[in-house]
J.: 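Have a look at this one.
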Amino acid sequence: MNHLLTVSALAIALLPSAAPAQDAPSPNAIVAAAPAADWQAISAEDLLVMELAPDRDGNDRRVVIQLMPPPFSQPWVENIRILARAGWYDGVSINRVQDNYVVQWGDADAEDAARARALPGDLNPIGAKQYLQISTAGAEGAIVLWHPKQSLVDSYADWAGFDAGWPFAFEIDENTRRLSRWPVHCYGMVGVGRGYSPDAGSGAELYTVIGHAPRHLDRNIALVGRVVEGIEHLSSLPRGTGDLSFYEDPAQRVPIRSVRLAADLPESERPAFEYLSTESASFANYADARANRRDPFFIKPAGGADICNIPVPVRQAGAG
């Protein structure tokens, strides 16, 4: 379908590679050497800080989520900000842990009208599904992309790549020449729980991926962010034994003490993170190294990678 595209500054980094070299840097070494200018700060308004109840040894458990930037999933993202600022999540719990799939949290009594928590009245009504973005063709019928530096063959779309620090899938309708793109379900991505369509969820029920990327969920559920710190506090929880791996015994649920936007915390308690720009040369080299391991342990480079096997590096600000 390349005849439909006018692609600016596209560099295919994931081509078959030469044999491994003894002095080739690993992906981690490339990230460690990335200059400060290649790192982009994440706004405190886009960081959600979730404090779980301490573990059985009394250790604190903090999970930090980066919220999805515009134009994706913004009605849900804004609802999450409203819910966090209202303190609505405080006291809800982790209710479902399904092996190689998801961890889900929210109001355990949401299905019981008499016991369910009342939602804030100023939530955005979400009556229509908005799981992807569609762009129309240009005046000459060509689609001009702010394209990522890497383009990947993808089993679920025409291709996959990165934009502004996030993994996306892309598809072109040959008849209408419309470009669709959508965020994808990689490990650590956060989505909105919902019932059967037309229900699209409000943002009160959330989940994160803790297993092999469930890409079949793409375009079926709103993705609203990704875990950037503390995923181990979720992925290591005991698995549920009920239907869909919900906890059968309420005592198994993990209480959530609080959920706050980092911007609303005192400055001394505010986490700060940055991501490696996916438009940078450092990221292009990193992605290539993920697809073509040339460091000494590897015998044969793979010559390619799944979009979810190239996680965008995120670090605490000032770590470099």
Side-chain angles (χ1 to χ4, degrees), residues 1-34 38 72 100-101 132-133 143-174 179-189 209-220 223 226-227 231 275-315:
M1 299 184 184
N2 290 340
H3 63 285
L4 295 178
L5 300 178
T6 298
V7 179
S8 174
L10 175 60
I12 307 295
L14 307 182
L15 298 175
S17 169
Q22 292 300 311
D23 59 350
S26 68
N28 286 345
I30 292 170
V31 172
D38 286 354
F72 295 96
N100 196 33
Y101 201 46
L132 52 79
Q133 182 198 33
I143 299 173
V144 180
L145 301 183
W146 28 208
H147 205 283
K149 297 289 185 184
Q150 287 75 38
S151 181
L152 301 167
V153 174
D154 191 69
S155 298
Y156 293 82
D158 288 343
W159 77 93
F162 300 89
D163 187 36
W166 294 83
F168 290 100
F170 301 80
E171 188 172 85
I172 293 175
D173 187 308
E174 291 191 20
L179 170 72
S180 301
R181 63 171 178 155
W182 57 91
V184 298
H185 275 79
C186 295
Y187 184 86
M189 292 291 280
V209 176
I210 60 162
H212 184 76
R215 294 286 306 281
H216 59 285
L217 297 177
D218 295 355
R219 294 180 288 182
N220 287 288
L223 283 171
R226 62 185 170 199
V227 176
I231 189 70
Y275 68 89
L276 185 63
S277 170
T278 50
E279 286 69 52
S280 68
S282 295
F283 185 84
N285 293 333
Y286 159 78
D288 175 64
R290 291 283 299 189
N292 297 294
R293 294 299 295 266
R294 305 178 187 89
D295 37 314
F297 177 83
F298 289 86
I299 300 168
K300 182 176 177 57
D306 181 86
I307 183 71
C308 292
N309 198 39
I310 307 177
V312 175
V314 177
R315 69 182 189 183

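Bear in mind that the values here come from a model prediction, so they are computed numbers and not experimental data. What's counted below: heavy atoms across the whole structure, side chains too, no hydrogens, waters or symmetry copies.
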J.: Please enumerate all residues that pass salt bridge (Lys or Arg N to Asp or Glu O under 4.0 Å) together with Arg290, with sequence neighbours excluded.
T.: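 Counting only residues at least two positions away or on another chain, Arg290 forms no salt bridge (Lys or Arg N to Asp or Glu O under 4.0 Å).
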J.: Where do Leu223 and Pro183 come nearest, in terms of heavy atoms and distance?
T.: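 Answer, listing the atom of Leu223 first, then Pro183: CD1-O, 3.5 Å.
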J.: What is the minimum heavy-atom distance between Phe168 and Trp166, and which atoms define it?
T.: CD1-O, 3.3 Å
J.: Suppose we screen for side chain to side chain contact (heavy atoms under 4.5 Å, CB included). Which residues come up paired with Ser26, at least two apart in sequence or across chains?
T.: Asn28, Ala29, Arg293, Asp295
J.: Is a side-chain donor-acceptor pair under 3.5 Å present for His185 with Asp218?
T.: yes
J.: Could you give the distance from OG (Ser155) to CD1 (Ile307), rounded to the nearest 0.5 Å?
T.: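 That separation rounds to 12.0 Å.
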J.: Find the distance between OH (Tyr187) and CG (Asn100) and round it off to the nearest 0.5 Å.
T.: 10.0 Å
J.: Angle class for the Phe283/Phe162 ring planes (parallel below 30°, perpendicular above 60°, tilted otherwise)?
T.: perpendicular
J.: A side-chain contact here means heavy atoms from C-beta on lying under 4.5 Å apart; do Arg215 and Asp154 qualify?
T.: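 A side-chain contact under 4.5 Å exists here.
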J.: Tell me the closest heavy-atom pair linking Trp182 and Ala157, and the distance in Å.
T.: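 Minimum heavy-atom contact is CZ2-CB, 3.6 Å.
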J.: Using every non-hydrogen atom in the two residues, find where Asn292 and Ala302 come nearest and quote the distance to one decimal.
T.: OD1-C, 4.3 Å
J.: Heavy-atom distance under 4.5 Å between the side chains of Met189 and Val227, does that happen here?
T.: no
J.: Measure from the side-chain N and O atoms of Asp158 to the backbone N and O of Ile172, and report whether any donor-acceptor pair falls under 3.5 Å.
T.: yes
J.: Report yes or no: does Asp38 contribute a side-chain atom to a donor-acceptor pair with the main-chain N or O of Ala281 at less than 3.5 Å?
T.: no
J.: With a 3.5 Å distance limit and no angle check, can you tell me whether Asp288 reaches the backbone of Ala284 through a side-chain donor-acceptor pair?
T.: no
J.: What are the two closest heavy atoms between Tyr156 and Arg219, and how far apart are they?
T.: O-NH2, 3.7 Å
J.: First locate atom CD of Glu171, then atom CH2 of Trp159, and finally report the distance between them rounded to the nearest 0.5 Å.
T.: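 Between Glu171 CD and Trp159 CH2, I get 9.0 Å after rounding to 0.5 Å.
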J.: Keeping the roles fixed (side chain from Asn309, backbone from Ala291), state whether a donor-acceptor pair exists under 3.5 Å.
T.: no
J.: How close do Pro167 and Arg226 get, heavy atom to heavy atom, and via which atoms?
T.: CD-NH1, 4.3 Å
